[in-house]
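Naming: A, B, ... by sequence-line order, numbering from 1 per chain. Bear in mind that the values here come from a model prediction, so they are computed numbers and not experimental data.
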Amino acid sequence: MNAYDILKERGFIAQATDEEKIKDLLNNEKVIFYIGFDPTADSLHVGHFLQLIVMSHLQKAGHKPIALLGGGTAMVGDPTGKTDMRRIMTREEIEHNASCFKKQMSKFIDFTNDRAIMVDNYEWLSKLEYIPFLRDIGMHFSVNRMLTAECFKSRMEKGLSFIEFNYMLMQSYDFLLLKRKYGCILQLGGDDQWSNIISGVDLIRRKDMEESYGMTFNLLTTNEGKKMGKTEKGAVWLDEEKTSAFDFYQYWRNIDDAEVIKCLKLLTFVSMDEITELSKLKDEQINRAKEVLAYEVTKIVHGQQKASDAQDASKALFENIGQAQNMPSKEISVEILTQGFDILDALLAAGFIQSKSEGRRLIQEKCVLINNNLVEDFKLTIENYMFPEGEMLLRKGKKKYFKFILK
RNA sequence: GGAGAGGUUCCCGAGUGGCCAAAGGGGGCAGACUGUAAAUCUGUUAUCUACGAUUUCGAUGGUUCGAAUCCAUCUCUCUCCA
């Protein structure tokens, strides 16, 4: 099946500069395209993941992706979708984040044998000279028109600094440069990037009298339009250190009914035939679709082993099938116990609470269990006898499990 | 540079001397109901060595028995003027 049709069928496409032409390009030619990722955190999140899936689809269809690390643009800060100005990040911070991004990306995209390219726009943006840049690039941007762009509108009330106002120029310049350097004629991105993308297309037309294309993808939102992939701890991260494979699996397993099919299409490689079958499920049967979703997404991000571990653990905990094995766990030494390790310390170590006050509250609300026995005393000390098989099961409410292994 | 309006807890947003750890909403967490769903209802939502103590209302100093609230200086944001 053709690349464009795949994206269309799975519901990725939001807007395109020239739908017919892009369809033709993606279906009949080998295209070099790019997607930019600003390293503003030390791990990719679900929103990035969606973009990577698109890249992967297109790469499989024979196109060549350029993953653009926004080491330079992150120094400026994209005002899109932000109500306030982004914190100015240090160069060191950005570099560190970029290296984290690199590692994670290579899991999803094949960068071997020049099948994909990764570049950092810090390479050229950091070397720009102000006056030449203004004369060469700035000239082609109409402030009047920029101000009408959707991405600035929300900021007209709250305030927009000049540094952020420049972001659009930076991104447009990236596109121009990638076109010249690599022959990249297509820029993709989330739908919030639309104004930035079309301004790049315009710039290329003005500077080089050449046609280029842009296309955006639906953002991963719930039906109420809220961003998905957010939890109390912030985003759902792809980094296992930040979001364990088990928690990652659980996030998708607990997705709203209404979102399952959409997520299957967007975030997995499950065939459309199979998804169509799954979409026929009703009521509690939908749980089967959720299992497929959770398993498949976890498999792509953390590998098959981790995915089935998470699935086994989930079934064991929630459906009482077999023994719970692979839930998040931690080793704990006898010495620590003898030094005095109470229930609050345990909750903290499990990452269930941010403060001991929160722990006390939870215990008062009767939702903390050790080996499935309710904990009522928040001074309870953890002792050896609580590890019958060398393991202790700590629970917070019905859904959060953690295992301590005595060593 | 001038004039005005602001900066409150995770977010929005009340509060203009004690009854303020700070209304209300959102979000989060937990409980009930369920299908590990949604909707709905309930509780909870600064920290700690916890019937008490400590820190919090942009920052720093001051007035006062007592300040988020009054004063001074600083700082940041917004609007209008140049």
Side-chain angles (χ1 to χ4, degrees), chain A residues 77 79 81-88 152-165 221-236 246-264 278-279 281-295 297-298 310-322 324 327-328 339-345 347-348 350-369 374-381 394-402:
Chain A
K82 293 272 176 287
T83 49
D84 294 299
M85 193 169 109
R86 218 184 262 262
R87 191 173 57 86
I88 296 283
F152 293 127
K153 269 188 188 155
S154 60
R155 294 295 297 277
M156 293 317 287
E157 292 166 18
K158 277 273 188 175
L160 175 72
S161 69
F162 188 66
I163 182 172
E164 295 174 287
F165 194 55
T221 54
T222 65
N223 288 349
E224 286 101 52
K226 288 180 203 146
K227 271 190 188 168
M228 271 177 63
K230 297 278 183 188
T231 68
E232 78 281 9
K233 286 166 193 161
V236 173
F246 178 79
D247 287 344
F248 189 83
Y249 178 94
Q250 280 294 317
Y251 180 83
W252 301 109
R253 179 61 185 80
N254 279 309
I255 204 95
D256 288 8
D257 283 10
E259 324 287 349
V260 189
I261 297 304
K262 180 169 74 190
C263 289
L264 277 166
L278 291 169
S279 70
L281 297 171
K282 291 269 187 302
D283 303 322
E284 62 184 284
Q285 291 182 316
I286 293 173
N287 283 327
R288 275 178 44 215
K290 293 187 189 181
E291 275 173 27
V292 175
L293 171 69
Y295 177 78
V297 180
T298 310
Q311 185 156 55
D312 290 347
S314 296
K315 283 185 190 287
L317 292 169
F318 295 103
E319 297 169 33
N320 296 314
I321 300 164
M327 71 186 82
Q339 281 164 20
F341 187 77
D342 65 22
I343 180 65
L344 294 172
D345 294 322
L347 287 167
L348 220 43
F352 283 169
I353 55 172
Q354 302 293 318
S355 70
K356 292 193 176 179
S357 292
E358 191 182 345
R360 291 192 180 91
R361 245 176 263 129
L362 289 172
I363 291 166
Q364 271 156 19
E365 286 171 16
K366 299 189 192 305
C367 54
V368 176
L369 297 91
L374 191 63
V375 175
E376 308 216 43
D377 176 11
F378 51 67
K379 285 178 179 155
L380 180 74
T381 310
L394 182 65
R395 269 179 67 183
K396 173 189 163 192
K398 288 191 292 195
K399 294 189 188 175
K400 299 286 164 60
Y401 293 80
F402 198 89

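Listed nucleotides U47(B), U36(B), G43(B) differ in distance to Ser355(A); the shortest reach to its side chain belongs to U47(B). Nearest to the side chain of Ser357(A), among C48(B), A37(B), C29(B), sits C48(B). In the set G35(B), A37(B), A30(B), A37(B) carries the atom at the smallest distance from any side-chain atom of Asn254(A).
Here G31(B) presents its P atom at 16 Å from CZ of Arg361(A), a figure rounded to the nearest Å. Separating the NZ atom of Lys366(A) from the P atom of A30(B) is a distance of 17 Å, rounded to the nearest angstrom. The distance from atom CG of Leu293(A) to atom P of A37(B) is 15 Å, rounded to the nearest whole Å. Note: CZ (Phe248(A)) to P (U36(B)) measures 22 Å, nearest angstrom. The NZ atom of Lys398(A) sits 7 Å away from the P atom of A37(B) (whole-angstrom rounding). Following rounding to the nearest Å, Lys356(A) (NZ) and U54(B) (C1') show an atom-to-atom distance of 16 Å. For Asp257(A) and A39(B), the CG to P distance is 11 Å, given to the nearest whole Å. If you take CD of Gln354(A) and P of U45(B), they are 16 Å apart, rounded to a whole angstrom.
Between Phe162(A) and Phe165(A), the ring-plane angle classifies as tilted under the 30° and 60° cut-offs.
A donor-acceptor pair under 3.5 Å is formed between the side chain of Glu358(A) and the backbone N or O of Gln354(A). With hydrogens and angles disregarded, a donor-acceptor distance shorter than 3.5 Å links the side chain of Asp377(A) to the backbone of Lys379(A). Proximity of a side-chain donor or acceptor of Lys290(A) to a complementary backbone N or O of Ile255(A) within less than 3.5 Å is detected.
A distance of about 14 Å separates the P atoms of G31(B) and U36(B), rounded to the whole Å. Spacing of P atoms, C71(B) relative to G6(B), comes out at 13 Å, to the nearest Å. Only the P atoms considered, A53(B) is 22 Å distant from C65(B), to the nearest whole Å. A72(B) and U63(B) are spaced 15 Å apart, taking the P atom of each and rounding to whole Å.
We find the CG-CZ distance between Asn254(A) and Phe318(A) to be 7.0 Å, quoted to the nearest 0.5 Å. Note that CG of Leu362(A) is 9.5 Å distant from CD of Gln364(A), once rounded to the nearest 0.5 Å.
If Phe378(A) and Arg253(A) are placed on RNA chain B by their nearest nucleotide, the residue sitting closer to the 5' end is Arg253(A). Between Leu160(A) and Asn287(A), the residue anchored nearer the 5' end of RNA chain B, judged by the nucleotide with its closest heavy atom, is Asn287(A).
With a cut-off of 3.5 Å on both Watson-Crick or G-U wobble distances, the partner of C70(B) is given as G62(B). Both distances falling under 3.5 Å, in either a Watson-Crick or a G-U wobble arrangement, place U79(B) opposite A3(B). Across every strand in view, G24(B) sits in a pair with C12(B) that passes the Watson-Crick or G-U test at under 3.5 angstrom. Summarising the base pairing, C41(B) is matched to G31(B) through a Watson-Crick or G-U wobble pair whose two defining distances lie under 3.5 Å.
Residue-level contact check: Gln364(A) touches neither bases nor backbone, having no heavy atom under 4.0 Å from any strand.
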